[in-house]
Each structure stands twice: as C-alpha cells, then as structure tokens.
Protein chains: 6
Amino acid sequence: MSPNYIKTIARPSEELVRKLGKHGSATVHEAMGRIGAMRSSIKPLAKGMKICGPAFTVSAPPGDNVTILKAIHEAKKGDVIVVDFSRITDSGPFGELTAVECQTKGLGGFVTTGSVRDSKEIIGMGFPVFSSALSIVGTVKESVGRINHPISAGDVVVNPGDIILGDDDGIVVIPLAMGEEALAASDAREAKESAVKEKLRAGGSIFEIYGYQKVLDRQGWTEA
Amino acid sequence: MSPNYIKTIARPSEELVRKLGKHGSATVHEAMGRIGAMRSSIKPLAKGMKICGPAFTVSAPPGDNVTILKAIHEAKKGDVIVVDFSRITDSGPFGELTAVECQTKGLGGFVTTGSVRDSKEIIGMGFPVFSSALSIVGTVKESVGRINHPISAGDVVVNPGDIILGDDDGIVVIPLAMGEEALAASDAREAKESAVKEKLRAGGSIFEIYGYQKVLDRQGWTEA
Amino acid sequence: MSPNYIKTIARPSEELVRKLGKHGSATVHEAMGRIGAMRSSIKPLAKGMKICGPAFTVSAPPGDNVTILKAIHEAKKGDVIVVDFSRITDSGPFGELTAVECQTKGLGGFVTTGSVRDSKEIIGMGFPVFSSALSIVGTVKESVGRINHPISAGDVVVNPGDIILGDDDGIVVIPLAMGEEALAASDAREAKESAVKEKLRAGGSIFEIYGYQKVLDRQGWTEA
Amino acid sequence: MSPNYIKTIARPSEELVRKLGKHGSATVHEAMGRIGAMRSSIKPLAKGMKICGPAFTVSAPPGDNVTILKAIHEAKKGDVIVVDFSRITDSGPFGELTAVECQTKGLGGFVTTGSVRDSKEIIGMGFPVFSSALSIVGTVKESVGRINHPISAGDVVVNPGDIILGDDDGIVVIPLAMGEEALAASDAREAKESAVKEKLRAGGSIFEIYGYQKVLDRQGWTEA
Amino acid sequence: MSPNYIKTIARPSEELVRKLGKHGSATVHEAMGRIGAMRSSIKPLAKGMKICGPAFTVSAPPGDNVTILKAIHEAKKGDVIVVDFSRITDSGPFGELTAVECQTKGLGGFVTTGSVRDSKEIIGMGFPVFSSALSIVGTVKESVGRINHPISAGDVVVNPGDIILGDDDGIVVIPLAMGEEALAASDAREAKESAVKEKLRAGGSIFEIYGYQKVLDRQGWTEA
Amino acid sequence: MSPNYIKTIARPSEELVRKLGKHGSATVHEAMGRIGAMRSSIKPLAKGMKICGPAFTVSAPPGDNVTILKAIHEAKKGDVIVVDFSRITDSGPFGELTAVECQTKGLGGFVTTGSVRDSKEIIGMGFPVFSSALSIVGTVKESVGRINHPISAGDVVVNPGDIILGDDDGIVVIPLAMGEEALAASDAREAKESAVKEKLRAGGSIFEIYGYQKVLDRQGWTEA
C-alpha cells in the first residue's frame with residue numbers, strides 16, 4: 001500500500017511560476033491545446049483573486065478536514081493546496097483560522113471542490129481562495145485521507161507539483177512536464193492576440209482577419 | 001430550405017429603445033402582462049450592466065463559435081447579439097477580442113445561454129455582457145449555425161428585432177410589435193409605483209393601499 | 001384547524017439579538033453544536049449584508065405573495081420576515097416597494113427560499129435581503145398561506161421567534177430557547193479562536209496546537 | 001436542553017393509516033388544501049412502492065448514520081423512519097443490512113433526504129424506501145443527532161407521528177391532527193373525481209364540466 | 001394584440017406523421033442536420049412510450065393549468081399538446097383526469113416542461129406523456145395563457161403544427177416545412193446505418209469503415 | 001510530449017476480474033477503505049446492468065467522438081471503455097452502432113461522463129452502458145483527444161487497467177495495484193455481513209450487534 005502522505009514532490013521553478021502567473025487562465029488553457037480546465041463552478045472568493053503555484057494535493061474524506069490541516073502544516077512557501085472534498089459542497093472545512101496560517105506561511109493559495117466560510121475575513125486578508133460555494137456547516141476530525149497523491153478536482157487530474165493557475169475566469173491545471181512549453185505557447189498566443197486587438201480597435205473584424213468565411217462556405221452557407 | 005443568414009430584419013426606432021431602456025426589466029415584464037422573462041441564471045458579468053437594443057439572433061452549434069463571429073461582423077450599431085448556445089454552459093465562445101470588436105462597432109450588448117471568458121477585461125471595458133457562467137473552455141470553428149432566425153434563449157422565443165432589455169435582475173424580451181404598448185404600460189406602472197412609494201415612506205402599507213384583506217377574506221382567512 | 005395567522009409569538013430580548021448579531025453565522029453554528037445552517041444557496045443580495053432578529057414566519061403558496069404582504073403589514077420593528085416559498089425560485093415576490101415598506105417600519109430583514117427583484121434599488125437602500133436567486137417573474141394574489149406557523153426554510157425548521165442570523169457565509173437559525181446558551185458558547189469560541197489566531201500569526205500551526213497527529217496515528221497514518 | 005431522543009410520541013390509529021393508505025399522495029395533498037408535498041426529487045427506489053405510516057423522525061449529522069441505526073432499533077411496527085440527512089445526497093447510510101432489520105421488525109418504510117445503496121437487494125425484498133439518489137459512498141459513526149424532534153425533510157416540517165404517505169408521484173406529510181379531516185376530504189375528492197372520470201370516458205371535457213370558460217372570460221380571453 | 005387562442009393551424013398529413021413515427025428521435029435529429037433536440041431532462045413517464053404528431057402549443061402561466069384544460073378541450077385527434085410551463089418543475093398540472101380526456105379524444109400525446117402526477121394510472125392507461133419530473137403539487141385556475149403561439153419548450157422553438165417526435169432518448173421537433181425533407185433524410189440515414197450494422201456484426205469497425213484515421217492524422221495523432 | 005495513444009497497458013488477470021465481479025460496488029468501495037466511488041449520477045442504462053473489467057481510458061474533446069471510435073477499434077476483449085467527456089452531458093457520442101461494435105468485439109462495457117442515445121436498442125442488446133443522461137444531440141469528428149492516459153471521470157482518477165466495477169448502485173474504480181487486496185477485503189466483508197444478516201433475520205439489531213450505544217454515550221446522548 002502507498003503511504004498516506006508522500007513527502008517528496010517535484011516542483012516547478014519559481015521563475016516559471018512567476019512568468020505563467022502573468023497570463024490569464026483562458027490564455028494558457030488555449031495555448032496548451034484546450035486541456036486542464038477545472039469546472040467553472042470552482043470560483044475565487046472575490047473578483048480579482050489570482051493564484052499561481054505548484055499543487056500540494058489533498059484527498060479529504062467527506063466532511064472531515066484533519067488531513068487538510070496536516071497538509072497546510074506540511075506545505076512549502078508558494079504551494080497551492082488543492083483539495084478533493086469529493087461531492088460535498090455543503091460543508092466548510094476552511095475558514096479564517098486556516099487562512100491566517102496559510103498566509104503567515106506564505107502559501108500560494110487554497111483550492112477546494114467543497115466550500116469555505118469566513119469569506120468576509122478571508123477576502124479582507126487578501127489570501128486567494130477558490131471554492132464551489134460558501135457554507136457554515138462544520139466538519140469533523142476523525143478519518144484520514146491522503147496527501148500528494150494524484151487527485152481528481154473539478155473534473156481534472158491534478159498531480160502534486162502541477163502548476164495551478166486561477167483567476168476570475170476559473171482555474172487551469174498545467175502538468176509540470178508541460179510548464180515551459182505552456183509558457184512559450186502562451187507568450188506566442190498573447191503576442192498574436194495583441195496584434196489582433198490593435199486591428200479590431202482600428203475597425204477590423206475577427207471574422208475577416210482569420211478568413212472564417214471559408215469555414216462557412218465549406219458547409220454550404222446561404223444568405224438572403 | 002431557409003438560408004443560414006437572413007440579412008434583412010425589422011428593428012425598433014432608436015427613440016423607443018432609448019425610452020424603454022430607462023425602465024427596469026421587472027417593470028416592463030409586469031407591464032407587458034408577465035411574459036418574456038428569460039431564466040434568471042442568465043446574468044450580467046458585473047452588477048450595474050444595462051442592456052437595451054434590438055436582437056440580432058444566433059443559433060450556434062454546441063461548442064462552435066464561428067457563426068457568432070460572423071454575426072458580430074454583420075450586426076449594426078446598437079444591436080444586441082443573442083446567442084442560443086444550446087445547453088453548453090461549460091464553454092466560453094466570447095472573450096476580450098470579441099468584446100473589443102463589439103464595442104468598437106458600437107453594438108448594444110451580448111447575451112448568451114452559454115459562457116464567456118476574460119471577464120475581468122470585459123468588465124473593465126464596460127461592454128454589457130449577460131451569460132450563464134464563466135468558462136475558459138475553448139471552442140472550435142467547424143460547423144455552421146443560423147443568424148436572424150427565431151431562437152429559444154433562456155426559455156423565451158426571441159425573434160430578430162425584438163427588444164432585449166437587461167439589468168441586474170435579469171432579461172426581458174419585448175416582442176417588436178408590442179414595443180410601444182409595453183412602453184406606455186411601463187410608464188403608467190412606474191408612475192403608479194412612485195405614488196405608492198410616497199405613501200409607503202409616509203408609513204403606509206401595500207397590503208392596506210391595495211385592500212388585499214379582501215383577497216384573504218374570500219378564502220376564509222382566520223387569525224388568533 | 002389552526003388559524004392562518006397566529007398573532008402572538010414569543011421574541012428574544014433586544015439585548016440578546018444585539019449581542020448575537022456581533023458574531024458570525026459560522027461561529028454560532030459551530031458553538032450550538034453544528035445545527036441550524038440553512039442551505040448555502042440562500043445568500044445576501046450584496047456582500048456585507050448582516051441580518052439578526054426574531055423570525056416572523058410565512059408559508060406562501062407557489063407564485064403568490066399576498067400572504068407576504070400581510071406579514072410585512074403585521075410584523076414588528078426588528079422582526080425578520082422568513083418566507084417558505086416552497087421550491088419556486090423563478091418568481092420574485094419581493095421588490096423595491098416591499099423593501100421600502102419594510103425599511104420604513106424598521107424590520108430587521110427579509111429571507112426567502114425564493115427570489116427577489118429590484119436588486120439594485122434594494123442594495124442601494126441598504127435593507128438586508130437574503131434569497132436563492134434574482135427573478136423578474138411576477139406573482140399573483142389569489143391564494144392564502146400561513147403566518148407564524150413553524151416552516152421549513154433552506155432545510156431548517158424555523159419557528160416564529162427563533163433568531164435568524166445571516167451574513168456573507170449564510171444563515172443560521174437559533175432556536176429561541178437556545179439563545180442565551182448559543183451566545184455564551186459563541187463568546188467562548190470567539191475568545192478561544194482569538195488566542196489561536198495570535199499563535200498562528202506567530203508562526204504556529206492549527207495541526208500542532210490541537211495535537212491532531214494523534215487522530216492520524218489512531219488511523220494508522222503513514223508517510224514516505 | 002432537550003434530550004437527543006424523545007421516546008414517547010403520539011401516533012395515528014392503525015385504521016386511519018390503513019384508510020389513508022388507499023389514497024394516492026396527490027389526492028391527499030389536494031384534499032388537505034395543497035400543503036405537505038415533499039420536493040419531488042425524493043422518489044421510491046422502484047415504481048410501485050407505497051408507504052403509509054407514522055413518522056419516526058431522525059436528524060443525522062452529515063455522513064454519519066449511527067443515529068439512524070439507533071432509530072431503527074427503537075421504532076415500532078408500522079413506523080416510517082424519516083431522516084433529515086441535511087444536504088448530503090452523495091452518501092448512502094442505508095443498505096441491505098438495515099433494510100433486513102427494518103423489514104424483520106415490520107417497519108412501515110424508510111424515507112431519507114440523502115441516498116441509499118444495495119438498491120437491487122432492497123427492491124428484491126420489497127421493503128419501501130424513498131430517497132434522493134443512490135450512492136455507494138460510506139458513512140461514519142462518530143457524531144450524534146436527534147430522534148423524534150421536528151425535522152425539515154424535502155422542504156416540509158415533519159413532526160414525529162405525522163402520517164407519511166408516499167407513492168410513485170412523491171410523498172405528502174399529513175399532520176397528525178389533520179388526519180381524520182384529510183381522510184374525509186380525500187374520500188370526497190375521490191368520489192367526485194370518479195364521477196368526472198365517467199363523464200370524460202363518455203366524451204366529456206374537464207373544461208366544460210367545471211365551466212372554466214368563465215375564468216378565461218374574466219381575463220378578457222380572445223380567439224381568432 | 002394577438003388573440004389568446006389561434007384557432008386555425010396548419011398540420012402535417014397523417015401519412016407523414018405515420019412514416020416519421022417509425023424513426024427514432026436520434027435518427028431524425030441527425031438527419032435534419034442536428035437541430036430541434038429538446039433538453040434531455042424532458043423524458044417519457046415510462047420506457048417505451050412513443051409520441052408523434054402535430055404540436056398544439058400552450059403557454060401556461062406559472063402554476064396555473066386552466067389554459068391547458070382549454071387546449072385539451074380544443075385539440076384535434078392526433079395532436080400533441082406541448083406546454084411551456086416556464087421554469088416551474090415542482091407543480092403537476094396534468095394527471096389521471098386530464099389523461100383520460102386526452103385518451104378518449106384520441107390525442108397523440110402530452111409534453112410539458114413542467115411536471116405531471118398520477119404517473120401510475122397514466123402509465124397503466126398507456127397514454128404517452130413526457131415531462132421534466134413528477135410532482136403532486138397542485139395548480140390554480142386564475143390566469144390565462146396562450147394557445148397556438150410559437151413557444152419555447154426544452155430550449156427549442158415549437159410552432160403549432162410542427163411535428164413532435166419522442167421516444168426513450170428524448171424529443172425532436174421537426175419544423176412543419178421540413179417534414180418531407182426530414183423523412184427522406186431519415187430513411188436514407190436508416191438504410192445507411194443498416195448496412196453499417198451488418199458490417200459491424202461481421203467484425204467491422206466504425207473507425208475503419210468511415211476512414212476516421214485521416215481525421216486523427218490531420219491533427220498530428222501520435223501513438224506509442 | 002506524450003503520445004495521444006498509449007498502446008501498451010497493464011491489465012488485471014481474468015480471474016481477478018471474474019471474482020471481483022461477483023461483489024457489489026458498495027461492498028468493494030467499503031472494503032477498500034471508502035475510496036474510488038464515482039459520482040452517483042453516472043448510472044446504468046437499465047436496472048440490472050453489471051460491469052466489471054479493466055479500464056481503457058479516453059479523453060474526448062467536448063462534443064467530439066472520433067477518439068471514442070478509435071478507442072473502441074483498439075480495445076481488447078473484456079475492456080471497459082471509460083470516457084471523460086468533460087462536462088458535456090447534453091450530447092450523445094455513443095449509440096446503437098457503437099454498441100453493436102463493442103458487443104461483437106466482446107468488450108466489457110462502456111462508461112461515460114456524458115450521454116448516450118438509442119437506449120432502447122442498447123438495452124435490448126444487453127450491452128452494459130453507464131452514463132450521466134440520455135441525449136440525441138449529435139457529435140462532430142474534428143478534434144483529437146487521448147487514449148490510455150490517466151483521466152478524471154465522475155470525480156475519480158482512472159488509470160488505464162484499473163478495474164471498473166459497476167451495478168445499479170453506481171461505479172467503483174479499483175486501482176490495479178489494489179486489486180487482490182480489494183478482493184480479499186470484499187470477501188471478508190461479505191462473509192461478515194452474511195453472518196450479521198442471519199442475526200437480523202432472527203430479530204437482532206445492527207445497533208446492538210455492533211454495540212453502537214457506546215458511540216452515543218461518548219457524546220453525552222440523552223433520552224426522555
């Protein structure tokens with residue numbers, strides 16, 4: 001049997017994280033070939049929250065947060081805690097106290113398929129938290145889960161060390177091995193989009209710039 | 001077979017649009033006899049966004065946005081693009097680039113049964129967008145849909161040229177032929193509500209002003 | 001048969017309401033032994049709205065708001081109207097007019113399992129309203145419901161006079177008979193959490209402070 | 001503080017239960033004045049299951065079924081266990097073993113806002129079970145709930161001893177004090193509907209039999 | 001203003017209805033170019049129910065069924081009543097009595113975006129009914145809707161006289177003007193699929209028969 | 001970059017599959033320590049369908065089924081195709097033709113997070129299919145996905161070769177490396193439950209057999 005907690009994980013370089021963090025989640029998702037998008041119901045607690053860092057993954061038993069507390073205790077500066085809280089969205093295993101600990105330690109953020117509470121206090125602190133909902137329903141501390149195993153979160157497989165990039169639009173998971181490639185492709189896409197934006201501001205049209213009439217014509221498009 | 005794109009549509013006068021746009025969506029919905037309310041899950045990207053203009057309708061195949069790009073290319077100043085993206089809410093066929101094109105052209109807004117992305121940038125631009133969700137999931141450009149056919153959007157039939165009125169409370173669709181009538185009824189309703197509001201601020205009660213005790217008594221209301 | 005409207009109800013003291021109102025909903029929920037949390041989809045119209053007061057309960061027939069208007073007419077200063085609108089979330093029986101009446105009378109707030117409209121105006125007024133959604137769909141005034149009977153709202157039984165405490169995280173219902181006890185337990189919990197917060201800011205860890213390694217060890221936790 | 005388990009509850013007579021059980025849930029709901037209908041997502045495990053008996057109510061902590069086991073141990077022949085499992089529908093606290101115990105004891109049925117498992121075995125046994133979903137996710141046995149307190153289940157208040165009547169259409173809760181009245185009204189309604197059915201089979205029309213053209217005319221109905 | 005009830009509508013020939021009725025809903029949907037599919041949550045009351053006939057459309061106010069009763073009274077043999085009950089799925093405006101009337105008159109079926117009740121009796125009668133859910137919640141008879149106007153049902157525009165084809169997989173709406181064309185395309189598709197099925201039973205593969213490796217190769221497919 | 005299709009995967013022995021297949025999904029889930037349960041909305045097309053075999057995993061782009069056809073072409077006898085169709089439940093990429101191919105090849109079953117069509121025909125054939133919904137909405141064949149990569153399906157990570165066990169209650173994913181262990185634990189659990197069942201049929205009580213009064217007493221349980 002594999003251990004509950006896998007202590008050693010690979011992580012991306014700080015520089016890669018910093019550079020990827022300048023891109024939007026939608027840009028990187030597109031640039032990677034449209035993979036890695038978590039379900040859009042996992043949202044930031046407040047507009048404007050941005051998250052970017054290596055995943056420190058947690059599988060928590062339904063309604064139980066003791067493994068989450070262990071993970072926060074063990075994670076390194078910059079890590080993003082990513083919790084598979086299964087399908088329990090009406091229970092809040094993360095609140096002000098845990099956010100204070102995370103922020104004091106310099107963690108990169110907290111992402112959960114479940115809920116959180118003390119939203120006002122957390123937003124006031126400015127610590128980036130992404131969740132499915134808010135809930136005041138309490139948790140217990142009786143059963144154990146797993147730390148740094150591959151998890152399923154928001155319909156995406158997350159491996160420890162994968163780069164978690166989130167903003168108002170949602171979260172994209174960048175596999176660690178694809179990090180540099182994703183960055184290069186995102187830079188290229190961004191440059192291309194900037195050029196297009198200029199043309200649009202000058203009165204251009206995406207439909208014309210990309211020549212999409214051809215797509216329509218191929219399908220026998222008719223007008224009248 | 002009818003053509004994919006119907007180029008000529010009737011539109012309301014600018015004056016009618018301007019006057020209806022001063023009313024709230026709830027007022028016009030009530031004034032028209034409680035019809036035309038889209039499902040409430042189609043919401044503005046940010047509180048305070050207001051939309052009012054003739055519908056330029058699009059039926060897009062699931063996950064494909066090439067017909068949407070064509071529609072943006074063809075729509076006139078003031079038009080509101082209304083997209084039936086079927087039941088696909090986890091795909092974002094509209095983002096910053098398309099919003100820049102729409103705003104440069106002076107379109108009146110964008111409404112979709114699906115999702116959008118680049119929410120921060122779009123909100124920053126102030127272009128009014130109403131959608132079911134945010135999603136970074138990309139689209140393809142392979143299949144064609146239809147432009148300016150009657151569509152079903154948010155459980156309401158929308159004909160091209162119908163007036164789309166949306167605010168924080170949601171969207172109401174005003175059939176083109178009912179426009180003047182809807183305006184007159186809304187004006188009347190607004191005037192009446194202003195008078196009632198004055199009475200309420202002076203300590204009055206809606207229940208008494210409208211004499212609703214009669215409704216209760218008709219049903220044998222009892223108190224103890 | 002019991003009467004439609006029960007006129008006399010017990011209420012908590014103003015002092016108890018005032019003191020409970022200083023606590024967050026999550027704190028009181030935990031302090032009471034994790035009971036009384038309404039479903040988290042019932043949310044404030046705007047972040048920052050706080051509600052605390054005795055419940056004035058209403059059972060309204062689907063899509064009909066005449067009983068709600070009667071209740072607003074009858075409620076006392078400080079009361080929180082709590083409406084069981086059954087499962088109808090796409091109908092808005094409460095808007096600007098009703099909010100003006102509530103605010104003029106000094107009511108403590110309005111909570112509904114259904115929807116409301118005129119959200120912009122109500123937020124502008126600052127009157128605290130909690131609902132499942134926004135909807136412009138109108139209501140009728142034909143059937144009667146009940147006032148001050150026990151109701152089910154958000155999966156919680158609410159008796160008239162129970163204390164309704166709501167904030168950004170959601171709503172907790174405090175049974176009237178448990179009020180003083182809930183306050184004492186909340187005060188104690190708050191004091192304890194403040195002490196823990198200090199330790200966390202000094203670099204401590206919840207996991208260590210509470211000694212949760214024991215929980216893990218009991219279950220045969222392994223690391224590698 | 002009230003005790004966890006209230007041992008003594010009032011129950012309806014066996015004769016009343018037997019007679020009410022001959023009616024459909026929709027009939028009794030209508031006859032009682034359209035109250036007491038649980039949300040329609042709480043359904044029988046298999047078409048044809050019928051349930052009728054006094055409620056033995058349980059509030060179970062999320063994901064924990066020890067209180068449910070206690071309730072099954074304590075309930076009397078004919079009782080229907082009704083469980084408020086809060087909003088946790090992805091956890092199955094009831095399966096073949098518990099069903100065998102219930103059936104051996106002659107309990108009247110099992111209703112839960114949560115899920116159950118071993119559906120094939122339970123259906124094979126013919127023991128009537130109503131739930132929101134099926135789920136194999138396990139439960140723990142660590143926290144205590146309450147037995148025979150008023151609960152909220154499926155958006156309805158259920159008091160111990162209330163009569164639970166369920167069939168393919170759903171569940172209606174008949175307050176104990178209204179039992180006789182509900183029966184008489186249901187009998188009357190049934191008789192009336194039988195007469196109407198005869199007329200319909202002879203080619204009659206509900207619209208004409210009840211004279212509903214008057215309702216339309218009152219509202220200014222037009223035809224063309 | 002248009003009248004509430006439009007008495008004269010075009011209908012497809014009986015032969016066209018009979019022939020289309022031999023096809024499955026999925027076949028016709030594909031053959032028509034992938035349009036007209038209602039949302040899949042509108043399902044037959046029991047597996048095996050088949051519906052095919054001209055739409056007799058109804059817009060009913062939320063929770064009110066008097067217009068539905070009028071429509072049943074007015075519809076012709078073979079017609080399929082299609083009801084836009086807006087977003088109200090927890091109310092059952094159709095039950096045994098209405099089904100008896102429909103069946104006696106020889107109507108072709110009943111489709112609603114809302115709910116129905118008396119499911120056991122209706123299934124026993126064999127009258128085909130498609131709905132979103134079952135619900136015992138009653139309706140009122142106070143407000144009027146519209147008959148034979150274009151409606152939005154299940155995210156599809158339905159015009160009176162359009163052909164409604166439904167089976168276990170769901171419902172497809174065939175615009176009246178496309179009826180013959182849809183039939184021809186469906187026949188062709190069926191014939192083609194029969195041939196493919198033979199090849200598959202002989203050990204063939206869809207992937208090879210249609211040569212889809214080319215699609216993969218175009219996108220740079222790799223294997224290892 | 002990893003290849004789209006990983007051709008060589010490890011598989012469990014036929015004997016292990018056969019033996020695990022005799023257990024229910026709930027039993028194995030519990031025996032493994034409560035992991036691996038897919039979300040309960042992924043259900044068999046018809047009651048009684050049983051699935052057990054090694055996963056042949058597919059990631060399909062939204063609304064595109066060409067990769068699924070490739071996978072069916074490549075899978076081995078006994079394999080269970082498991083498709084991550086992202087969040088698109090209103091599109092049916094699997095129907096009668098594909099089912100005929102799967103059955104002819106002797107595949108073990110088909111599981112998708114999306115929808116299927118031709119349900120009647122597939123049920124008639126007896127080929128086991130598990131899906132989130134039925135839908136007639138068609139798919140395209142333009143974009144490529146991946147085969148035999150780890151996927152997220154129903155909130156569980158599925159690796160190629162993991163054992164997929166499904167029945168009426170839902171699906172459990174048994175990691176390949178845990179197969180033997182899961183079997184032994186399931187056998188043990190089954191034996192134990194059989195013994196308990198005997199005691200229950202003789203009038204015993206789960207609550208007493210397992211001595212759960214101790215749990216209640218630990219928490220200060222009170223009765224009155």
message = How long is the straight-line distance from CD of Glu101(A) back to CZ of Phe207(C), given to the nearest 0.5 Å?
response = 10.5 Å

query = Ile122(A) versus chain C, heavy atoms under 4.5 Å apart: side chain, backbone, both or neither?
reply = neither

Inter-residue atom distance Ser194(C).OG - Leu97(A).CG, 0.5 Å rounding = 9.0 Å

note = The interface call for Thr139(A) against chain C, heavy-atom contacts under 4.5 Å, is backbone

ask   = Based on non-hydrogen pairs under 4.5 Å, which of Gly220(C), Gly204(C), Ala37(C), Ser205(C) is most in contact with chain A?
value = Ser205(C)

remark   = Scored by heavy-atom pairs under 4.5 Å with chain C, the best of Lys70(A), Lys7(A), Lys120(A) is Lys70(A)

Between Ser119(A) and Asp168(C), a side-chain donor and acceptor under 3.5 Å = no

inquiry  = Nearest 0.5 Å, please: how far is CD1 in Ile206(C) from SG in Cys102(A)?
reply    = 8.0 Å

key: Leu200(C) side, atom CG; Glu96(A) side, atom CD - distance, nearest 0.5 Å   = 10.0 Å

query = More than 12 non-hydrogen atoms from neighbouring residues, nucleotides or ligands closer than 6.0 Å to NZ on Lys22(C), yes or no?
reply = no

message = Does Glu14(C), at its CD atom, have more than 12 non-hydrogen atoms belonging to other residues, nucleotides or ligands within less than 6.0 Å?
response = no

ask   = At their closest point, which heavy atom of Ser143(A) faces which heavy atom of Gln219(C), and how far apart are they?
value = CA-NE2, 4.2 Å

task = Compare every heavy atom of Ala133(A) with every heavy atom of Ser40(C), then report the nearest pair and how far apart it is.
result = OG-CB, 4.3 Å

key: Interatomic spacing from CD in Glu74(A) to CD in Glu223(C) - rounded to 0.5 Å   = 6.0 Å

ask   = Just wondering, do Val140(A) and Arg34(C) contact through their side chains at under 4.5 Å, heavy atoms?
value = yes

Engaged part of Ile35(C) at the chain A interface, taking heavy atoms whose separation is under 4.5 Å = neither

ask   = If you round to the nearest 0.5 Å, how far is CG of Leu69(A) from OH of Tyr212(C)?
value = 6.5 Å

request  = Let me see the working for Trp221(C) and Val66(A) under side chain to side chain contact (heavy atoms under 4.5 Å, CB included), right down to the final yes or no.
outcome  = CA-CA 12 Å; Trp221(C) 181 264; Val66(A) 71; over 6 Å; no

key: His29(C) versus Val137(A), closest heavy-atom pair with distance   = NE2-CA, 3.4 Å

inquiry  = With a 6.0 Å cut-off (strictly less than), is the heavy-atom count around NZ of Lys50(A), excluding the residue itself, greater than 12?
reply    = yes

note = The interface call for Lys141(A) against chain C, heavy-atom contacts under 4.5 Å, is both

ask   = With a 4.5 angstrom heavy-atom cut-off, which part of Glu142(A) approaches chain C: side chain, backbone, both or neither?
value = both

Residue part contacting chain A, namely of Arg39(C), when any heavy atom lies under 4.5 Å = both

message = Using a 3.5 Å distance criterion without hydrogens, assess whether the side chain of Asp169(C) forms a donor-acceptor pair with backbone atoms of Ile136(A).
response = no

query = Is chain C contacted by the side chain of Ile123(A), its backbone, both, or neither, given a heavy-atom distance below 4.5 Å?
reply = side chain

ask   = Is a salt bridge present between Glu30(C) and Arg117(A), judged by a nitrogen-to-oxygen distance below 4.0 Å?
value = yes

query = Is any side-chain N of the basic residue among Lys197(C) and Glu121(A) closer than 4.0 Å to the acidic one's carboxylate O?
reply = no

